Amino acid sequence: MGTDVRPEDRPKRVIAHLDCDAFYASVELLRRPDLRDKAVIVAHDGPRSVVTTASYAARRYGVGSAMPLSRAKRLCPHAILLPPDFESYRRVSRALWEIVGGRLGRLQHLGLDEAYADLTGVEKPVRVLRELVEQVRAETGITVSVGLGPSRLIAKICSDLGKPAGFVAMGREEAAQRFAGHSPKLLPGIGPKSVERLREMGIETIGQLQATPEERLTERFGARHGRDLLRRAHFHDSSEVETSRVLKSRSNERTFDEDVTSLTQLEEILRRLAQGLCEGLQRREKRGRTIAIKVRLDDWTTVTRARTVDAHTNDTALVTDVALELLRAYAPPRPVRLLGVRLASFEDEEGAKAGSGGRAPPPDQLALPL
DNA sequence: TCTGGGGTCCTATGACTC
DNA sequence: TCTGGAGTCATAGGACCC
């Protein structure tokens with residue numbers, strides 16, 4: 001390896017995480033200034049909908065993202081409900097990241113409203129970021145919170161800390177100390193399931209996780225995950241800011257307002273889902289080999305079935321036929337609440353995996369999350 | 001409280017090949 | 001000819017993220 005550089009000889013990394021505050025709701029409020037300071041919930045209005053985003057006024061009532069809409073309405077009955085308009089969100093997002101990218105260079109996008117940037121070697125990064133946040137606010141009306149640290153992990157946690165319009169910077173040791181009393185849920189990658197498993201082991205804080213012998217964790221979580229949990233607890237993270245990501249799969253799925261029992265009806269829905277999926281892939285000239293269906297039953301069990309075909313395709317007739325065969329072979333034994341179809345193993349995956357040494361990714365790859 | 005849609009990544013397992 | 005291990009691929013399930 002010719003790239004071996006001792007850690008002490010490497011420049012100290014400076015990673016920023018930029019996160020738009022209540023992005024979808026903020027875009028809505030730009031269009032509807034009369035709703036400023038009002039409780040606004042962005043969500044489809046259906047019996048099984050969940051909240052996409054809530055304005056800060058609605059959050060004061062306990063409404064939050066991913067909460068069932070029925071519950072949100074109970075918590076905040078006077079909230080104004082707006083249907084999501086992703087076309088507008090994408091437009092504002094593009095404009096915003098163009099400004100940021102113009103100053104910081106290439107970004108790693110995570111969805112429409114957040115991104116990482118590597119500012120290692122940049123002079124006066126704090127000043128650069130402060131000016132940038134102000135420029136974004138002036139030109140788009142969107143406020144951005146910034147987290148700054150030696151890794152993506154710390155930058156991400158910091159950007160959440162000062163929301164809205166926050167600006168927080170922290171080193172690794174400081175983070176390890178400061179968050180020792182917090183729940184492991186604070187750490188990205190540790191969700192409700194891992195929190196529960198840790199709790200069963202008597203580990204309820206990041207500090208307790210830090211003090212847990214690695215063997216105990218690897219016993220419970222497997223070698224890789226266990227080691228990773230411990231590294232995270234100590235806020236070690238050497239992952240790079242990845243500025244080019246390639247689409248790995250694309251799917252189209254629908255949860256029904258009421259469960260569906262009839263196979264004929266399910267087949268009809270699956271045809272429409274496959275058609276929508278293939279039309280999108282045809283526009284992007286993407287073809288895949290693995291066709292999969294997803295079925296969620298009324299008791300919330302989720303089943304997937306997949307088949308890999310010989311040649312890459314985005315042909316509606318072929319994808320539909322295979323998806324229908326998979327559905328008939330499975331023959332859902334209970335009422336179905338969700339049906340979906342997915343295409344994966346795209347034809348240019350291998351070439352793209354070669355990374356920066358290979359050809360430049362097509363323009364739409366960089367814009368993938370947008 | 002009762003759980004969307006669109007993704008990524010990881011793990012386990014079995015089939016297959018060398 | 002039989003066997004075992006390693007590597008790879010396909011499949012299924014699940015956790016997690018925005």
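Note that the structure is a prediction, hence the values are computed from the model and not measured. Naming convention: chains lettered A, B, ... in sequence-line order (proteins, then strands); numbering from 1 in each chain.
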| message | So, OP1 or OP2 of B:dT3: does either fall under 4.0 Å of a side-chain N or O from A:R296? | response | no
| task | Ignoring hydrogens and angles, tell me if any N or O in the side chain of A:S159 forms a donor-acceptor pair with the backbone of A:K156 under 3.5 Å. | result | yes
| message | Taking any heavy-atom pair under 4.0 Å as a contact, classify A:T52: base, sugar-phosphate, or nothing. | response | nothing
| Which part of the nucleic acid does A:R342 contact within heavy-atom distance under 4.0 Å: base, sugar-phosphate only, or nothing? | nothing
| said: Over all strands shown, is A:K73 touching base, sugar-phosphate only, or nothing at heavy-atom distances under 4.0 angstrom? | reply: nothing
| task | May I have the distance from A:I190 (atom CD1) to B:dC10 (atom P), rounded to whole angstrom? | result | 15 Å
| request: Considering only NZ, NE, NH1 and NH2 on the basic side and carboxylate oxygens on the acidic side, decide whether A:R152 and A:D118 come within less than 4.0 Å. | output: no
| Residue closer to the 5' end of DNA chain B, A:R337 versus A:A223 (nearest nucleotide) | A:R337
| task | Taking only the side-chain heavy atoms of A:P68 (C-beta and beyond), determine which of B:dC10, B:dG6, B:dT1 contains the nearest atom. | result | B:dT1
| query | What is the nucleic acid contact for A:L69, judged by heavy atoms within less than 4.0 Å: base, sugar-phosphate only, or nothing? | reply | nothing
| Residue A:K248, side-chain atoms from C-beta onward, closest of B:dG4, B:dT8, C:dC17 | B:dT8
| message | With a cut-off of less than 4.0 Å, is there a side-chain N or O of A:R305 near OP1 or OP2 of C:dT11? | response | no
| message | Does the plane of the ring in A:F235 sit parallel, tilted or perpendicular to the ring in A:F179? Use 30° and 60° as the thresholds. | response | tilted
| Cation-pi check, A:R130 onto A:F167 ring (under 6.0 Å, within 45° of axis) | yes
| remark: note: A:K193, atom NZ; B:dC10, atom C1'; distance rounded to Å ~ 16 Å
| field | Residue A:N252, side-chain heavy atoms: nucleotide from B:dT1, B:dG6, B:dG4 that is nearest | value | B:dG6
| request: Assign the ring pair A:Y89 / A:Y24 to parallel, tilted or perpendicular, where the plane angle (0 to 90°) is split at 30° and 60°. | output: parallel
| query | Could you state the CD-P distance from A:Q108 to B:dC9, rounded to the nearest angstrom? | reply | 10 Å
| query | Whole Å only: how far is the CZ atom of A:R71 from the P atom of B:dT3? | reply | 12 Å
| A:S345 vs C:dA10: side-chain N/O to OP1/OP2 distance below 4.0 Å | no
| remark: In whole angstroms, the gap separating P of C:dC17 from OH of A:Y116 amounts to 11 Å
| Looking for any heavy atom pair under 4.0 Å, which part of the strands does A:R289 touch: base, sugar-phosphate only, or nothing? | sugar-phosphate
| NA contact type, A:V303, heavy-atom cut-off 4.0 Å: base, sugar-phosphate, or nothing? | sugar-phosphate
| What integer distance in Å separates A:L18:CG from C:dC18:C1'? | 16 Å
| Test item: A:R296 side-chain N/O and A:V336 main-chain N/O as donor-acceptor pair under 3.5 Å | no
| field | Which residue lies more 5' along DNA chain B, comparing A:S251 with A:R74 via nearest heavy atoms | value | A:R74
| B:dG7 OP1/OP2 closer than 4.0 Å to side-chain N/O of A:R250 | yes
| said: Between B:dT3 and C:dC18, how far apart are the two P atoms, rounded to whole Å? | reply: 22 Å
| said: If you compare every side-chain N and O of A:S49 against the phosphate oxygens of B:dG4 (OP1, OP2), does one of them come in below 4.0 Å? | reply: no
| task | Specify the separation, in whole Å, of atom CZ of A:R152 and atom P of C:dC18. | result | 12 Å
| task | Compare the minimum distances between each of B:dG5, B:dC2, C:dC18 and the side chain of A:K156, then state the nucleotide with the smallest one. | result | C:dC18
| note | Checking B:dT8, B:dC2, C:dT11 against the side chain of A:S249 (C-beta onward), the nearest is B:dT8
| Over how many whole Å does the gap from A:R307 atom CZ to B:dA15 atom P extend? | 18 Å
| request: Give A:A66 one of three labels, base, sugar-phosphate or nothing, depending on what nucleic acid heavy atoms sit under 4.0 Å from its own. | output: base
| message | With a 3.5 Å distance limit and no angle check, can you tell me whether A:R250 reaches the backbone of A:L281 through a side-chain donor-acceptor pair? | response | no
